[in-house]
Structure formats: C-alpha cells, structure tokens
Amino acid sequence: MIELRGVTKSFGTNHVLRGVDLVIPRGSSMVIIGGSGTGKSVTLKCVLGLVRPDSGTITLNGQDVTKGDRDAFLAQFGMLFQGGALFDSMRVWENVAFRLQRGALKKPKAEAREIAIEKLRRVGLGPQVADLFPAELSGGMQKRVSLARAIAADPQIIFFDEPTTGLDPIMSGVINDLIREIVTEMGATAMTITHDMSSVRAIADNVAMLHGGKVRWTGPVGDMDATTDPYVQQFIHGRAEGPIESLR
Amino acid sequence: MSLLSPLAALGRMALGLLASLGRIAIFAGQVVSHLFRPPWYPREFLHALIQIGWFSLPVVGLTALFTGGALALQIYAGGARFSAEAVVPAIVAIGMTRELGPVLGGLMVAARVASSIAAEIGTMKVTEQIDALVTLSTNPLKYLAVPRVLAATLAVPVLVAVGDSIGIMGGWAVGVHRLDFNSAAYLKNTINFLESWDVVSGLIKGAAFGFLVALMGCYHGMNSGRGAQGVGAATKAAVVSASVLIFAANYLLTELFFS
Ligand SMILES: Nc1ncnc2c1ncn2[C@@H]1O[C@H](COP(=O)(O)OP(=O)(O)OP(=O)(O)O)[C@@H](O)[C@H]1O
Ligand SMILES: [Mg+2]
C-alpha cells in the first residue's frame, strides 16, 4: 500500500502540490487524472524520491520512503516516464534489458536479450526493432519500448506516466489490456496518469482527480460517472465551460 | 543604497563562487568515495577510456608538435641574445615535459572532453534519462561520473607522455632543419639534460588535470538547467571552469614540486 499524506511541493513561487492525500491499496490500479500542469508527474516523482517533497509523508507498506534501504525500495519499482527517457546511446533491447544486465538481477546476455524481445512483443513490437537505436523509432514506438523497459524486471509496483499518449487507438487498446493484465494476473500495484478517458475506464480500479494542488475527488471508477462534483464532470466530459479555467 | 549596490553585487558573486566551490568539493568527494565501492561498471569505463584517451591523441599530438617547434624557434632567438643557442634542446625538453605538455594537453582535453561529457550528461538530465537510471536501481554518479573521471585521470598522463615525446620531436625537427643543429648532438643534449622528475612531475600534473576536466564535465552536466539552453550553459561552464582550474592547479602543483 502506498500512502501520501499532506504532500506539498513548490518550485520557487509555483506551488504545485498543496497537500496531496492519496491511498493506493496493494494490488490495485489507481489512475490519476487532472489538467495539464496540475502536478501529476511531480506526484509520481515524489513517491519515487526523484523530487523531494517540501512537507508531508509518503509511505510504502507503512515504511517512510525517504528512510530505509533505497536500493531495496527502488528494486520493487518500474516507471514509464512521460517523455520515454530512453537511453539514446543504447540499442532498443539493451534499454529494455538494462536492469537485467547489471546489479542484483544480472542475467547472461542471451537470456537478457530473450526477455527483452519477449517484453517488446507484449507491447506490440517485433524482434526487428531490438537492434535499432531509440532515435530510429517513431514517438509511439519509443513510448512502447519505454513501457517494455518499465516492466522488464517484473516489478511489484509500476508507475505509468501517460502510457497511451501518442499511440493509435488500436495500440492504446493493447497497452490498456497489458496494464490491466499486469495488475490482475501478476498482482502488481499500478499508478497511471492519463488524459484518455477510455484508458481510465479500461485500467482503473480507483480514480483520483488532482486539481489546485490537492486531490479534488477520489473513488472507485464505477462511481466516477455518478459523482456530482462539477470539476470531475467537466473533466470527464471534456467541456470548455465549467469551474476549471481553460487558461492555466 | 545605490552607492553600496556594486559592493553587494560583488559580495553576492564571492558568496556564489564559494558556494559552488563547496558543492564541487562535495561532488568530488562523492566521486572518489564511490570509486572504491561496488558496483563498478567496467564497460562504461572502457568506453570512456577510448573516448577520452584514444580519440584525443590526434589533437594532443598536433598541439604538442607545433608547440615544440615554436618553442625551439623562440628559445633559439632568445638564446642568441646572449650566445646561448646551445640550450635549445634542454629548454625545449624541460619546457615541454614540466609545463607545456601537461598544460596544453590538459586544455585541449578540456575543450574536447569536458564539453562532450557535459553535453552528453546534460542532455540525459533534461530528457529524464538520469531519473530513469535511478528508477532502474542505478546510481547515476557511479554509472556516469565515476567511469569518466577514472578514465580521464588515467588517460591524460598517457596523452601527456605522448605529447611530450611529439613536442620534443617537433623541437628536434625544427632544430635540425631550420636551425642547423646536428641531429645526434641535439638528441644527446636532450637526453643528458632531462631528468626523470621533469617527466614524472608533468605526468602527475596530467593526472590532476584529467581528473579536473572529467569532474567539471560531469558536475556541470548533472546540474544542467532545463532545455537546450540549459545544456548549452552547462557545456560552456564545464569548459571554462575546467580550464581555469587547470591553470590554478598547475600553479599550485608547480609551487609544490619545484619551490
Ligand atoms: N523540475 C522542475 N522544476 C521547476 N518546475 C517544475 C519541475 N517539474 C515540474 N515543474 C512544474 O510543476 C508543474 C506541474 O508539472 P507536472 O509535470 O507534474 O504536470 P502534469 O500534471 O504532469 O502535466 P501534464 O499532464 O501536462 O504532463 C508545472 O507547472 C511545471 O512547470
Ligand atoms: Mg506529466
């Protein structure tokens, strides 16, 4: 279980998070929605310790994430970055197998490559891309390679920052199914950021909407349509008119 | 207020400089301490060794060749004022090995290597590749900085040794073909006057400069600002600070070795 309590973060005068409270039960899929620039990516980075919150606590299974063995903590995680963040000096398969070629999870090269190709297949990429460099791929292909890298070591907790942005509708469906499968079949805990409402419905157990630096609404995905919260309603129906200003 | 503001600005600058020196010292301490703790990344080290050592050979060699030649001409002209043209071989050899080999070699490596390290690591920073390393259980300092700093510290002395030899050869070539020295006498003179400490002190300088160059590249790269502009500024800062630190370290080491 991941628990955020009163997490705040400012960049200079830009107060991005103003007290985020959020609970993600173990083995469940939480989807975070919210306008662009509301601090969704920053929230994920806070949990991973890539951004240090100004105040508040973040715990994983009751243990404060800033204390304790950081290597053991990170070993449970996989993260898909919004921009992909592929290592451009390495081939696609080496990117995917990065974790399998170093450190505690080190495997023989042939085996690491085999796992990488299998993970690539799961995100809809054939073995012919394995030896290309990231720069030789389209944006959507890079995103999927990055996704393959995030799941390569079968982590227990996976963060996906906009996994389907830039993908065609069919590929989006494939990726949604994959994320759902990882949660239901492998029992992983997932936290996904997305703007795509069909993704939300396909992936989520629970939904949280971030607005104004706080969690505006959270609940099971089934309750999302029935809520009377005008912010949520405006967001899920994509209306220009409503309490959320379009100039942000 | 307005009268004091230049002073305030000066004070702010001095404080800023001290603060960044402190940060650099902490960074250097971390790099050195990680050098002795696993995991190590031999593949990254070898890659850095080739990038820094092997590919810097042409530029360091050419710099040394022309410098040795020019040095011979200058010493000859200067020595002629008190009929001491015969010192050319000795002074070229001592000047190259003690001073010009390491300093010019270090500067050329700063131009080539500090910039490319800073640009590479800075780009990794702004495209979140460094964050990605962390999430893949890899310490960026260990994975990116340690191999490069170690490679530069080991490679630059070798580059300096090669540069010394080529520089002395440049002096010899000019001495024999332009200044009518006897080839055998020139070489004999060089060998007789040159002491091993002349060479070794230069190599130690080279190691120090290599360390500084890679350290500056890594430090500024990892602290790069956002966007292309941030990477550009980091690259510039890396080259400028590496060059200035090379001159400062050169003075300190010379003071330490020879006074
Ligand atoms: N490293 C940083 N330095 C300064 N400001 C930052 C940094 N990272 C994020 N921000 C700011 O924090 C705010 C939230 O950024 P974040 O990336 O979390 O948005 P987001 O909700 O993920 O938006 P999007 O849906 O567009 O990805 C933005 O205003 C951004 O400018
Ligand atoms: Mg984002």
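Residue numbers start from 1 in every chain, and the chains themselves are labelled A, B, ... in the order their sequence lines are given, proteins ahead of strands. Hydrogens, waters and symmetry mates play no part in the numbers below; they use all other heavy atoms, side chains included. Quick caveat, the model's predicted, so the values are computed rather than measured.
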Are side-chain heavy atoms of A/Phe87 and B/Thr127 found at a separation under 4.5 Å?
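Side chain of A/Phe87 against side chain of B/Thr127, heavy atoms only: no contact under 4.5 Å found.
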
Within 6.0 Å of [atom1] in [X], more than 12 heavy atoms from elsewhere:
| X | atom1 | value |
| --- | --- | --- |
| A/Glu118 | CD | yes |
| A/His195 | NE2 | yes |
| A/Arg70 | CZ | yes |
| A/Arg5 | CZ | yes |
| A/Glu114 | CD | no |

Residues forming a side-chain contact (heavy atoms from CB on, under 4.5 Å) with B/Ser241, sequence neighbours excluded
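By the side-chain contact (heavy atoms from CB on, under 4.5 Å) rule, B/Ser241 matches B/Met216, B/His220.
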
Apply side-chain contact (heavy atoms from CB on, under 4.5 Å) to residues B/Gln129 and A/Asp88 and explain how you reach the verdict.
CA-CA 9 Å; B/Gln129 291 178 51; A/Asp88 39 29; 3.2 Å; yes

Chain B: which of A/Ala75, A/Ala85, A/Gly84 shares the most heavy-atom pairs with it under 4.5 Å?
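Heavy-atom pairs under 4.5 Å are most numerous for A/Ala85.
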
Toward chain A, the part of B/Leu133 with a non-hydrogen atom under 4.5 Å
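The answer is both parts of B/Leu133.
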
Pull out the residues in residues 13-23 of chain B that come under 4.5 Å of chain A, heavy atom to heavy atom, sorted by number.
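At a heavy-atom separation under 4.5 Å, chain A is reached by no residue of residues 13-23 of chain B.
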
Distance, nearest 0.5 Å, that separates [atom1] of [X] from [atom2] of [Y]:
| X | Y | atom1 | atom2 | value |
| --- | --- | --- | --- | --- |
| A/Asp71 | B/Asn139 | CG | CG | 8.0 Å |
| A/Arg149 | B/Leu136 | CZ | CG | 5.0 Å |
| A/Ser89 | B/Glu44 | OG | CD | 8.5 Å |

Between A/Phe98 and B/Tyr143 (judged by ring centroids, cut-off 6.0 Å), do the two rings come close enough to count as a pair?
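Ring centroids of A/Phe98 and B/Tyr143 are less than 6.0 Å from each other.
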
Classify the side-chain pair A/Arg99/B/Ser137 by whether it contains a donor and acceptor separated by less than 3.5 Å.
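Yes, because at least one side-chain N or O of A/Arg99 sits under 3.5 Å from a partner of the opposite role on B/Ser137.
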
Could you list which of residues 40-62 of chain A have a heavy atom closer than 4.5 Å to any heavy atom of chain B, in residue-number order?
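So far as heavy atoms go, A/Lys45, A/Leu48, A/Leu50 are the residues that approach chain B to under 4.5 Å.
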
Pull out the residues in residues 153-167 of chain A that come under 4.5 Å of chain B, heavy atom to heavy atom, sorted by number.
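Within residues 153-167 of chain A, near chain B: nothing under 4.5 Å.
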
Side chain, backbone, both or neither: which part of A/Leu86 has a non-hydrogen atom closer than 4.5 Å to chain B?
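It is the backbone, since no side chain atom gets that close.
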
